[in-house]
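One-based numbering along the sequence shown. We use all heavy atoms of the structure for the numbers below, so side chains are in, but hydrogens, waters and symmetry mates are not. Just so you know, ligand 1 is whichever comes first in the structure, and atom 1 is the first atom listed for that ligand.
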Amino acid sequence: MADIQLKGKIPVAVLGATGAVGQRFVKLLENHPWFEVTTVTGSERTSGGVYSEACRWVLDEDPPEAVGHLTVQDSEPNLEARIVFSALPAGIAKDVEPQFAKAGYAVCSNASAYRQAAGVPLVIPEVNGDHFDMLEQQRAAQGWDGLIVTSPNCTTTGLAMTLKPLDLAFGVRQVFVTSMQGVSGAGYPGVSFLDIHDNIIPYIGGEEEKLQAETCLLLGRIEGTERFPAEIGISAQTNRVPVIDGHTLSIAVKFDRAPTAEEAILVLEGYEGPAAARGLPSSPEKVIIVRREVDRPQPRRDRNANHGMSVTVGRIRKCPLLDLRMVSVVHNTLRGAASGSIMNAELLVAKGYVK
Ligand SMILES: NC(=O)c1ccc[n+]([C@@H]2O[C@H](COP(=O)([O-])OP(=O)(O)OC[C@H]3O[C@@H](n4cnc5c(N)ncnc54)[C@H](OP(=O)(O)O)[C@@H]3O)[C@@H](O)[C@H]2O)c1
């Protein structure tokens with residue numbers, strides 16, 4: 001683990017703690033070595049209530065007792081915390097997150113409100129942790145004592161983590177991607193049973209645009225606070241399917257230098273990411289797990305690999321139109337949301353942006 005000397009745990013708040021992603025944060029932070037949840041917030045509907053009663057808990061394991069006793073607060077920047085994890089709807093996050101950054105909090109956001117905004121890093125530590133280098137200039141330009149960093153859309157996380165090692169080794173040029181996304185990706189209560197049972201919904205509002213734009217930002221580079229998206233052509237089709245957790249991506253890729261399937265497998269299996277992303281409390285043992293069985297990965301069997309932090313890739317084979325085809329599975333509320341954001345916060349601490 002990264003050799004970080006902290007004077008006690010850092011107090012953190014979870015904004016939108018009563019929702020699907022907020023609950024993941026609360027559970028994941030239960031025994032975190034660096035962070036301790038001191039505050040939870042919700043909407044007018046839950047604010048003022050005791051968390052364990054106000055929150056309709058949807059995870060299999062019980063909520064942590066210490067957080068269960070907390071009173072749900074409003075999402076206002078007067079909370080006892082140095083880091084705030086935002087699991088707010090984008091429309092609310094747009095107003096609230098800058099208020100927290102201005103008031104000196106480090107905001108680690110899951111919402112889409114600022115992912116594509118100038119000067120705000122969109123980061124997966126193993127893909128582009130160096131984009132945190134924008135933060136000094138972000139603070140100076142905005143006059144903030146705090147900061148905002150964002151995590152990508154859950155589906156984007158699976159695609160960007162799969163493509164990064166391949167892009168470094170072979171140069172990714174074009175991608176066709178079709179997603180099969182679990183229902184927890186729509187939050188709670190999400191899609192109605194009558195709509196999703198025995199069915200597939202071939203539309204998720206705004207998802208295809210996010211998947212295309214965010215992936216290019218993650219694989220792109222920065223100069224100062226300016227981001228230069230990777231010049232990759234991406235055509236995305238996104239679908240909601242009757243799976244609870246886990247997003248599955250069927251991907252075809254064209255490269256600058258086409259690898260064989262075996263060369264791609266070796267690159268994916270060997271990928272460790274930048275040194276700064278290794279050894280953090282949430283760093284997985286392996287960034288990418290490659291399955292060689294003909295029928296893997298599958299969301300039910302592979303979404304929890306390495307506590308839901310690894311992306312599992314399989315069915316890597318030649319594509320008759322582009323160069324290679326493959327299938328990836330990512331856990332949408334863990335690596336694709338709460339755990340990814342916690343790892344971003346760990347990297348912020350490791351890089352000295354939060355003390
Ligand atoms: N689900 C995923 O897989 C996933 C993945 C990546 C990113 N995200 C993003 O993460 C965010 C949360 O998603 P989710 O799936 O957890 O949604 P959700 O289940 O609908 O939860 C929304 C949370 O925000 C709170 N909230 C709603 N309106 C509010 C207001 N006006 N003021 C303050 N709090 C308010 C809710 O509180 P109440 O309970 O009091 O209503 C609840 O705690 C979204 O921006 C989403 O796009 C989700």
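- In this model, a donor atom of one side chain and an acceptor atom of the other lie less than 3.5 Å apart for Arg24 and Thr333.
- Between His32 and Trp34, the ring planes are perpendicular. Angles over 60° get that label, and only those under 30° would be called parallel.
- Ion pair Arg303/Asp245 not flagged as a salt bridge, since none of the NZ, NE, NH1 or NH2 atoms sits closer than 4.0 Å to an Asp/Glu carboxylate oxygen.
- Taking all atoms of both residues into account, the shortest heavy-atom contact from Ile289 to Ala305 is CD1-CB, 3.6 Å.
- In this structure, a donor-acceptor pair under 3.5 Å is present between the side chains of Glu207 and Asn153.
- Contact residues of ligand 1 (protein heavy atom closer than 4.0 angstrom to a ligand atom; sorted by chain and number): Gly16, Ala17, Thr18, Gly19, Ala20, Val21, Gly42, Ser43, Arg45, Thr46, Ser75, Ala87, Leu88, Pro89, Ala90, Ile92, Asn110, Ala111, Arg115, Cys154, Ser184, Gly185, Gly187, Tyr188, Asn332, Thr333, Gly336, Ala337.
- A cation-pi arrangement, defined by a distance under 6.0 Å to the six-membered ring centre and an angle within 45 degrees of its axis, is present between Lys94 and Tyr114.
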